[in-house]
Amino acid sequence: MNFVRRTVSTAVAATAVVVLAAGPAAAATVDSILLYYGPVQGISYNNQASTSNNSIMTAFISVEKTTSGTIPAGWSSGQASLYRNGALCSSAAMYYYPSAVHSWSGGTTVKNCGRGNYTTRGSTGAYNGSGYNYYYTATSPILTY
């Protein structure tokens with residue numbers, strides 16, 4: 001895979017920390033900032049990484065077309081990786097979205113690696129006519145579990 005490196009202003013990429021208490025009321029989701037890329041084959045996109053806790057930790061990414069209309073079937077993909085205390089905890093395979101859609105969430109990985117500070121980072125792909133261009137997401141804020 002060839003990844004495209006994007007830079008993010010440190011003023012925009014401030015880190016937040018969410019601390020969860022024990023119990024069912026502790027469910028939370030934290031999202032990275034949106035990053036924009038493209039156009040690729042005339043389509044401009046944004047992506048985002050999210051970390052969620054609903055008794056287990058979940059990492060997922062979202063992909064969205066930034067204008068009206070849909071992304072053709074198979075033209076977008078996503079993969080999420082879950083990190084605990086900065087080390088890779090779980091990673092999903094790249095998922096190629098099979099339907100025409102304006103936006104979607106997926107590329108999911110689920111794991112409970114124990115107590116710690118969790119973040120998600122992933123990558124998304126955009127079909128370029130002969131293959132895919134891949135773009136990293138920003139890293140989600142820390143979710144302490």
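In what follows, every heavy atom counts, from backbone to side chain, and hydrogens, waters and symmetry copies are set aside.
When every heavy atom of Ser90 is checked against every heavy atom of Val110, the shortest pair comes out as OG-O, 3.9 Å. Of all heavy-atom pairs between Thr109 and Ala92, the closest is CB-N, 3.8 Å. Residue Ser50 comes nearest to Asp31 through the heavy atom pair OG-OD1, 2.5 Å, listed as atom of the first residue, atom of the second, then distance. A pairwise comparison of heavy atoms in Thr51 and Leu82 identifies CG2-CD1, 4.1 Å as the closest pair. The shortest non-hydrogen separation linking Gly69 to His102 is O-ND1, 3.0 Å. For Ser105 against Ser62, the heavy-atom pair with the smallest separation is OG-CB, 3.5 Å.
With values rounded to the nearest 0.5 angstrom, Ile56 atom CD1 is found 11.0 Å from Cys113 atom SG. Here Ser103 contributes atom OG and Lys65 contributes atom NZ; the two are 11.5 Å apart, rounded to the nearest 0.5 Å. Gln48 contributes atom CD, which lies 9.0 Å from atom OG1 of Thr137 (distance to the nearest 0.5 angstrom).
Annotation: cation-pi pair Arg121/Tyr83 absent, no NZ/CZ under 6.0 Å from the ring centroid and within 45° of its normal.
Using modelled atom types, one side-chain atom of Asn85 and one backbone atom of Asn117 make a donor-acceptor pair closer than 3.5 Å. Under the 3.5 Å distance criterion, the side-chain polar atoms of Ser77 are matched with a main-chain donor or acceptor of Gly125. For the pair Thr124 (side chain) and Asn47 (backbone), a donor-acceptor distance under 3.5 Å is absent.
Using a 4.5 Å cut-off on side-chain heavy atoms (C-beta onward), Tyr36 and Thr66 make contact. Using a 4.5 Å cut-off on side-chain heavy atoms (C-beta onward), Thr70 and Val101 make no contact. Using a 4.5 Å heavy-atom cutoff, the side chains of Tyr135 and Val40 are in contact. When side chains are defined from C-beta on, Tyr95 does not count as touching Gln79, because their heavy atoms never get closer than 4.5 Å. Annotation: side chain of Leu143 is in contact with side chain of Asn53 (closest heavy-atom distance under 4.5 Å). In this structure, the side chains of Ser32 and Thr139 stay at 4.5 Å or more apart for every pair of heavy atoms. In this structure the side chain of Leu88 reaches within 4.5 angstrom of the side chain of Ser81, judged on heavy atoms.
Taking the six-membered ring where the residue is Trp, Trp104 and Tyr97 present parallel rings, their angle staying beneath 30° rather than reaching 60°.
Sorted by first and then second residue, the pairs that involve residues 111-131 and meet ring pair (Phe, Tyr, Trp, His ring centres under 6.0 Å), not counting sequence neighbours, are Trp75-Tyr127, Tyr127-Tyr132. A ring pair (Phe, Tyr, Trp, His ring centres under 6.0 Å) check over residues 46-73, counting only residues at least two apart or in different chains, returns nothing.
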Exercise. Step by step, would you call Arg84 with Tyr145 a side-chain contact (heavy atoms from CB on, under 4.5 Å)?
Worked result: CA-CA 10 Å; Arg84 178 182 162 264; Tyr145 172 73; over 6 Å; no

